[in-house]
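Everything on this sheet refers to the single structure shown next.
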Protein chains: 2
Amino acid sequence: MSERISDAEHAVMEVLWKRAPLTAAEVADQVVREKDWSLQTVKTLLSRLAAKAVVGTERDGRRFLYSPLVERDDYLTGVSRNFVDRLFGGKVMPLVAHLAEADELSADDIREIEELLRELKK
Amino acid sequence: MSERISDAEHAVMEVLWKRAPLTAAEVADQVVREKDWSLQTVKTLLSRLAAKAVVGTERDGRRFLYSPLVERDDYLTGVSRNFVDRLFGGKVMPLVAHLAEADELSADDIREIEELLRELKK
DNA sequence: CGTCAGTGACTACATGTGTAGTTTCATTGA
DNA sequence: TCAATGAAACTACACATGTAGTCACTGACG
């Protein structure tokens, strides 16, 4: 049932996942380093996220402090699963195979992943 | 510049990637096994894909035959790259690590991926 | 030859998304 | 005290998307 987070909203979430709580202005300051958006745009996104209960608000005098209510990890798990399901029939192997074939994996990547898998088996 | 393919459109593409060219009715027949859509819906999706030049049309009497103009592999590469870039800073390792931590990888998966990586190094 | 079924073309319409502008209200500095 | 400032709330608006409905045409069948 977890609410959908759009691309633009995601950029805002990344800021809050780094540091929170923040005011809208502080979030906008950070977001603007990446995206060329106006303060109003960021505020709209924050409102939408709050409406979806993906971020929480806490009154601080006349303004709000925003904090994520969803863990970044949980979010990533959700979208990753969805992604792998939709595009690779739910199997991770074809995804890795595809990335490998498409030369998206460097030798370093391969070594790191092998290392990781070795750890996992313990 | 490659045109965006929406989720619903993607389901249609999967059918055409399996076999093509097909008529709209044939595509719909296949799609309906997965999604509970009407023939009209599938036709709309085909039109939109054709408008975006993601599928090509060839007149066959009074109807059309549809074929993909985009390779499945190229499409997958595009979306995978985009996905990994947006969510994992362009690195595949964190993605695999994440899936692993989230217990999305079975022991079989791990073995298969190791096998694949071993092959790659040759 | 007239009718019907199948086909593409066009239309529809609610909701989501990107991207703000405008309004209203309270606080604070002069 | 009063005006300017800054914050949230509300409004806007075009385009994308999911999900069809309707229309007009044409060829096949009786």
Side-chain angles (χ1 to χ4, degrees), chain A residues 1-16 21-67 75 78-79 82-83 86-87, chain B residues 1-16 20-67 75 78-79 82 86-87:
Chain A
M1 217 42 57
S2 65
E3 295 285 359
R4 172 102 204 115
I5 295 177
S6 80
D7 278 15
E9 287 163 359
H10 177 236
V12 169
M13 290 304 289
E14 285 296 345
V15 170
L16 287 175
L22 292 180
T23 66
E26 287 167 337
V27 173
D29 277 355
Q30 295 302 309
V31 168
V32 161
R33 291 162 196 271
E34 292 286 320
K35 312 281 184 170
D36 191 23
W37 292 339
S38 79
L39 170 64
Q40 294 313 317
T41 297
V42 175
K43 282 187 178 180
T44 297
L45 295 172
L46 281 170
S47 297
R48 289 178 183 172
L49 287 167
K52 287 189 284 201
V54 173
V55 308
T57 58
E58 175 196 353
R59 194 134 227 151
D60 172 42
R62 61 192 174 127
R63 60 218 176 130
F64 282 127
L65 293 179
Y66 298 86
S67 318
Y75 171 71
V79 280
N82 188 276
F83 177 78
R86 281 203 321 107
L87 275 81
Chain B
M1 218 38 63
S2 64
E3 294 285 358
R4 172 104 203 113
I5 295 177
S6 80
D7 278 14
E9 289 163 359
H10 176 237
V12 168
M13 290 305 288
E14 285 296 346
V15 169
L16 288 175
L22 293 179
T23 67
E26 289 167 336
V27 172
D29 277 354
Q30 296 302 309
V31 169
V32 162
R33 292 162 196 269
E34 293 285 321
K35 311 281 185 170
D36 190 24
W37 291 339
S38 80
L39 171 64
Q40 295 313 318
T41 297
V42 175
K43 283 186 177 180
T44 298
L45 294 172
L46 280 169
S47 295
R48 288 180 183 171
L49 287 166
K52 285 189 285 199
V54 172
V55 308
T57 59
E58 176 195 352
R59 193 135 225 151
D60 171 40
R62 61 191 172 125
R63 59 219 175 127
F64 282 128
L65 294 177
Y66 297 86
S67 318
Y75 171 72
V79 277
N82 188 278
R86 280 204 322 106
L87 275 82

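Residue numbering restarts at 1 for every chain, and letters A, B, ... go by the order of the sequence lines.
Take B:Q30 and apply the side chain to side chain contact (heavy atoms under 4.5 Å, CB included) test, not counting sequence neighbours, and it matches B:V15, B:R33. B:L39 pairs by the side chain to side chain contact (heavy atoms under 4.5 Å, CB included) definition with B:A28, B:K43, not counting sequence neighbours. Residues meeting the side-chain hydrogen bond (donor to acceptor under 3.5 Å, both in side chains) test with B:Q40, sequence neighbours left out: none. Checked against side-chain hydrogen bond (donor to acceptor under 3.5 Å, both in side chains), A:S67 has no partners two or more places apart in sequence or in another chain. Every residue meeting the side chain to side chain contact (heavy atoms under 4.5 Å, CB included) condition with B:A50, not counting sequence neighbours, appears here in chain and number order: B:V55, B:T57. B:R86 is linked by a side-chain hydrogen bond (donor to acceptor under 3.5 Å, both in side chains) to A:D7, A:H10, counting only residues two or more places apart in sequence or in another chain. Annotation: side chain to side chain contact (heavy atoms under 4.5 Å, CB included) contacts of B:T41 (sequence neighbours excluded): B:W37, B:S38, B:L45. Remark: B:T44 pairs with no residue by the side-chain hydrogen bond (donor to acceptor under 3.5 Å, both in side chains) rule, at least two apart or across chains.
For residues 45-57 of chain A, every residue pair satisfying the salt bridge (charged side-chain N to carboxylate O under 4.0 Å, His left out) rule, not counting sequence neighbours, is listed here: A:E9-A:K52.
By the 4.5 Å heavy-atom criterion applied to side chains, B:F64 and B:R59 are counted as neighbours.
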Could you run down nucleotides 22-30 of chain D 5' to 3' and tag each one B, S or - for protein heavy-atom contact under 4.0 Å?
B---BS---
Nucleic acid footprint by protein, nucleotides 12-19 of chain C - heavy-atom cut-off 4.0 Å, B for base, S for sugar-phosphate alone
B----SBB
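The distance from atom CZ of B:R63 to atom C1' of C:dA5 is 13 Å, rounded to the nearest whole Å. One can place CD of A:E58 at 16 Å from C1' of D:dA7, the figure rounded to the nearest angstrom. Atom P of nucleotide D:dG6 and atom CZ of A:F64 are separated by 19 Å, given to the nearest angstrom. Regarding A:Y66, its OH atom lies at a distance of 11 Å from the P atom of D:dA7, rounded to whole Å. What separates CD of A:E26 from P of D:dG6 is a distance of 15 Å, to the nearest Å. Separating the NZ atom of B:K43 from the C1' atom of C:dA5 is a distance of 11 Å, rounded to the nearest angstrom.
Comparing the axis of the opening five pairs of the helix from C:dC1-D:dG30 to C:dA30-D:dT1 with that of the closing five pairs yields an angle of 20°, rounded to 10°.
Note that CG of A:L22 and CG of A:L16 are 5.5 Å apart. Values are rounded to the nearest 0.5 Å.
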